[in-house]
Amino acid sequence: MKFLILIPARYQSSRFPGKPLARIGGREMILRVCDRVSQTGYATAVATDSEKIAECVRRAGYEVVMTSEECGSGTERVAEAYRTLGSDADVVINVQGDEPFIAVSQIEALAKIFVEHPDTDIATLVRPYEAAGGISGLEDPNLVKVVVGNNGEALYFSRTVIPYQRGVEKDKWPETHRYLSHIGIYAYRAAVLEKIVMLPEGALEKCEKLEQLRWLENGYSIHTAVSHEQTIGIDTPVDLEAAEKYLTGHNF
């Protein structure tokens, strides 16, 4: 089975313009992502609409695919890049350009799903929520929660706390149930990727602003694997400061 890693990266961001070129420990964020994923040995390319990002990536010796400014999501950008490359990969892995601490083991866990479950449409990762974070951390709408069936397939994703525990004091919820949070890395069977980018926004996605609900709503399965790796997704300058602190205590 052949895998391709694509890293969508756009320059414009309402919360953090130029984010992929922000430096962490003196190295651009997008290059730290490339450094990490290249360790898998899978073919890798950055998909971007920015010449600034493209120049930075090419200068470091990594491949770039230019994509349209009209892409509405990272998934759309990845799909366009896959078509442009003319790749014959069976599975496309989407690693966000703001995940500089993504672990090789996480990428391998996604690939393993397709090997062990050949009928998988889409795969993603989940992480057990640490009870020490308390109910306030669990209720944070930026922490996307997911419930999973016995077969490992996602049943639903939500910004609210799921499941609700009837008859249990809310403050005790993190201790009395293993909640799962979503890690925003995806892998798609190539044929499925081409189909899901053609789907219109669904009612559930409009409510939660989570594109994976569009796929579930249209009958596509999303298989999950559990990861205990701690990563830091960077959405704001404040997150960047946290990443700098994290870097000082780890060997990257």
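Position 1 is the first residue of the sequence, and the numbers go up from there.
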Working for side-chain hydrogen bond (donor to acceptor under 3.5 Å, both in side chains), residues Arg77 and Thr67: CA-CA 6 Å; Arg77 196 172 303 283; Thr67 55; 2.8 Å; yes
Checking Asp121 now: which residues fulfil side chain to side chain donor-acceptor pair (under 3.5 Å) with it, not counting sequence neighbours?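 Asp121: side chain to side chain donor-acceptor pair (under 3.5 Å) contacts with Ser221.
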Would you please say whether a donor-acceptor pair under 3.5 Å links the side chains of [X] and [Y]?
| X | Y | value |
| --- | --- | --- |
| Gln212 | Tyr186 | yes |
| Glu208 | Ser158 | yes |
| Ser68 | Glu80 | no |
| Gln165 | Thr176 | yes |

Counting distance only, does the side-chain N/O of [X] pair as donor-acceptor with the main-chain N or O of [Y] below 3.5 Å?
| X | Y | result |
| --- | --- | --- |
| Glu244 | Gly25 | yes |
| Arg214 | Leu199 | yes |
| Tyr82 | Ala89 | yes |
| Ser181 | Val144 | no |

Please tabulate, for the side chains in residues 109-117, all donor-acceptor contacts under 3.5 angstrom to protein atoms that are two or more places apart in sequence or on a different chain.
none

Assess the pair Tyr129 and Trp173: is the distance between their ring centroids shorter than 6.0 Å?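 That pair fails the under 6.0 Å test.
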Gap separating the CE atom of Met29 from the SG atom of Cys56, nearest 0.5 angstrom: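 It is 11.0 Å, given to the nearest 0.5 Å.
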Rounded to the nearest 0.5 Å, what separates atom OG1 in Thr224 from atom CG in Leu180?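 That separation rounds to 7.5 Å.
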Decide, yes or no, whether a salt bridge links [X] with [Y] under the criterion of side-chain N to carboxylate O below 4.0 Å.
| X | Y | value |
| --- | --- | --- |
| Glu63 | Arg58 | no |
| Lys19 | Asp98 | yes |
| Glu139 | Lys170 | yes |

Nearest atoms (heavy-atom pairs only) where Leu213 meets Leu204: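 For Leu213 versus Leu204, the nearest heavy atoms are CD1-O, 3.7 Å.
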Atom CD of Glu55 with >12 non-hydrogen neighbours under 6.0 angstrom: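 Count not over threshold, so no.
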